[in-house]
2 protein chains.
Amino acid sequence: MSQMQNVERRLREMILGLEIGPGEKLTERWIEGRFGASRTPVRAALLRLETEGLVGRDGRGWTVSPINLAELEQIAVYREAVEVAALRLTCAHDERSALDVIEAMLDSCDENTRREEWHRVGMDFHIELARLSGNEFLFRAVRDAMTRLSRARWLEVRDEAALGRAWAEHRAILAATRLGDADEAARRLSAHIIGSRDRLVTSLANDRRGLRARGFAVVPA
Amino acid sequence: MSQMQNVERRLREMILGLEIGPGEKLTERWIEGRFGASRTPVRAALLRLETEGLVGRDGRGWTVSPINLAELEQIAVYREAVEVAALRLTCAHDERSALDVIEAMLDSCDENTRREEWHRVGMDFHIELARLSGNEFLFRAVRDAMTRLSRARWLEVRDEAALGRAWAEHRAILAATRLGDADEAARRLSAHIIGSRDRLVTSLANDRRGLRARGFAVVPA
DNA sequence: GATACCGAACTGGTATCCCAAAGTGGTATC
DNA sequence: GATACCACTTTGGGATACCAGTTCGGTATC
């Protein structure tokens, strides 16, 4: 694997894992030293992470994108459009046995599972479901949206009750999809996405003070 | 304006304007010489154009993305999802006077207008309509989709009848939106997008031989 | 002590070099 | 004439040197 992809992957992991706080300044030279790469791959990584929305330009410098409540609300609307469209396509397919694999992902999480795993599976559920649509653009849209939501979702994962509710909703969506009931599946998916957003934005607004204290920039809606 | 943005913009224009044919090989050194910039900004431009889908990697080298019929079909489905969602948001707004500006764009095209202008306005109609939704992600999705469609749409613009039909459909969509009739507007927009796709894919499939003769790579569905 | 000013240090942007590997063309061999 | 092989060229990936603009600390001045 090339240096370029390595820097990109490792830097993305640090940002998504909150090892580098939202709003923090980044310098190309710091990344260079941190990962033992030269500026060429570092710049390539920053350019790609910029298109993913994980870093941005702050005047003449680089900044880890802050958590933006207004953005989270808009992403939910976007997700609703693309995920529902993808799900309807999947419902229209004849072959839906791949749903079993997704259900197994949900089953793999129990009380002994690490929070990181719940976090990952919660995203992969939506991403893999979108992949089943067979539409590359809907799939990428969902994957990119989940990437942008990833950091904020660490909050949701801390809430046991919210996780239980989310998993139940995931299962209900799968059940309706399995039956090919597109309308019911779409209704439940919409409700799930909007519900998640509301819980997320509420708890983020409440935790804002605490997050800022940890050095995490959170821009209000 | 920095070199980096210049190279990116000018190279994008050459690709979208078919001055560099779909499927053509690109070397960083050629671009370097062509635009009088060094490799650093050239590579930055290529990385960004790659995320826009205009160039891709062919083994170790760069290639102008071919026109891909399967991709065109998938984009139409994607567009339908995001544009309809955006339009419904706009219909739900109180303030819709901005629609006048869009209508004026359509009016600015008549029999004396250059084909390039029809081409541009035909895309901007959809982009500006999506912008009115106020949702940044839906807007960007539409803009990026139109960019990917841009080269293939040169064909549609050659067909006088297709243009007339498209403009009539655009006006009907605007009319329904103005009335706040979201369902009617959505129906008409869906029909327009899918209809455009069918006409486009058909004429592309027919012209494939001619396009290949001009050196344009066209990959079938 | 406050402030205006100056320079050292650091920033991203750019140019340029080096490198390993993939490609290319010619040639010797059969 | 086909093919295997080798030297040379060209490629993108990486590293580094340099630049202009900005920032920021310290200092001289009042």
Side-chain angles (χ1 to χ4, degrees), chain A residues 1-16 19-66 68 212 215-217 219, chain B residues 1-16 19-66 68 212 215-217 219:
Chain A
M1 165 120 22
S2 69
Q3 279 277 35
M4 187 183 91
Q5 293 167 338
N6 249 318
V7 174
E8 181 184 338
R9 189 174 47 76
R10 292 177 61 191
L11 186 55
R12 185 191 293 109
E13 280 170 7
M14 287 189 72
I15 293 173
L16 292 180
E19 296 173 55
I20 315 180
E24 247 177 78
K25 289 258 188 299
L26 285 177
T27 70
E28 298 182 354
R29 260 94 175 184
W30 178 83
I31 302 170
E32 190 180 355
R34 182 68 174 72
F35 298 115
S38 75
R39 286 182 69 202
T40 309
V42 166
R43 289 178 58 88
L46 284 170
L47 284 171
R48 315 196 79 140
L49 294 178
E50 184 185 20
T51 71
E52 295 182 31
L54 298 185
V55 304
R57 291 170 191 274
D58 167 53
R60 208 183 62 253
W62 295 96
T63 306
V64 178
S65 301
N68 184 327
R212 296 199 89 105
F216 293 170
V219 349
Chain B
M1 165 120 19
S2 69
Q3 279 279 34
M4 189 182 89
Q5 292 167 338
N6 249 319
V7 174
E8 181 185 339
R9 188 173 48 78
R10 292 177 61 190
L11 186 56
R12 185 190 293 109
E13 280 170 7
M14 287 190 72
I15 293 173
L16 292 180
E19 296 173 55
I20 315 179
E24 246 178 79
K25 290 259 188 297
L26 285 176
T27 71
E28 298 183 354
R29 261 97 176 182
W30 179 84
I31 302 169
E32 190 180 356
R34 182 69 174 72
F35 298 116
S38 75
R39 285 183 69 203
T40 311
V42 166
R43 297 187 58 182
L46 284 169
L47 283 172
R48 316 195 82 141
L49 294 179
E50 185 186 20
T51 71
E52 295 182 31
L54 297 185
V55 304
R57 292 171 190 272
D58 167 54
R60 211 169 51 109
W62 296 96
T63 306
V64 177
S65 300
N68 184 326
R212 296 199 88 104
F216 294 170
V219 350

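By convention in this document, chain letters (A, B, ...) are assigned in the order of the sequence lines, proteins followed by strands, and residues within each chain are numbered from 1. Below, each value reflects all heavy atoms present in this structure, side chains not excepted, and no hydrogens, waters or symmetry copies.
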### Query
Counting only side-chain N and O atoms of A:S38, is one of them less than 4.0 Å from OP1 or OP2 of D:dG14?
no
A:E8 CD to D:dG13 C1', in whole Å, measures 15 Å
Looking at A:R39, I'd like to know whether one of its side-chain N or O atoms comes within less than 4.0 Å of OP1 or OP2 on D:dT16. no
note: B:E28, atom CD; C:dC17, atom P; distance rounded to Å ~ 17 Å
Here the distance between atom P of C:dG13 and atom CZ of B:F35, to the nearest Å, is 20 Å
Separation of D:dT11 atom P from B:E32 atom CD, nearest Å, is 10 Å
Whole-Å distance, A:L46 CG to C:dT11 P, equals 13 Å
To the nearest angstrom, the NZ-P distance between A:K25 and D:dT23 comes to 11 Å
OP1, OP2 of D:dG14 versus side-chain N and O of A:T40: anything below 4.0 Å?
no
Separation of C:dA15 atom C1' from B:R43 atom CZ, nearest Å, is 13 Å
note: B:N6, atom CG; C:dG13, atom P; distance rounded to Å ~ 14 Å
With sequence neighbours left out, the residues meeting side-chain contact (heavy atoms from CB on, under 4.5 Å) with B:T51 are A:T51
Testing C:dA15, D:dG13, C:dG12 for proximity to the side chain of B:P41, the answer is C:dA15
task: Without swapping roles, check the side chain of A:S65 against the backbone of A:G53 for a donor-acceptor pair under 3.5 Å.
output: yes
Check this for me, if you would: do A:E52 and A:R48 make a salt bridge, where the nitrogen-to-carboxylate-oxygen distance has to be below 4.0 angstrom? no
Practice prompt. Compare side-chain N and O positions of B:R57 against OP1 and OP2 of D:dG13 and report whether any pair is under 4.0 Å apart.
Written response: yes
Between B:F216 and B:P22, the two heavy atoms sitting closest are CD2-CD, 3.3 Å
Minimal heavy-atom distance between A:G23 and A:A217, with the atoms involved, is CA-CB, 3.7 Å
List every contact pair, protein side and nucleotides 19-22 of chain D side both N or O, where the distance is under 3.5 Å.
unit_1	atom_1	unit_2	atom_2	d
D:dT22	O4'	A:R60	NH1	3.3

Pair up each side-chain donor or acceptor in residues 28-37 of chain B with any protein partner under 3.5 Å, not counting sequence neighbours, and list the distances.
unit_1	atom_1	unit_2	atom_2	d
B:E28	OE1	B:R39	NE	3.2
B:E28	OE1	B:R39	NH2	2.8
B:E28	OE2	B:W62	NE1	3.1

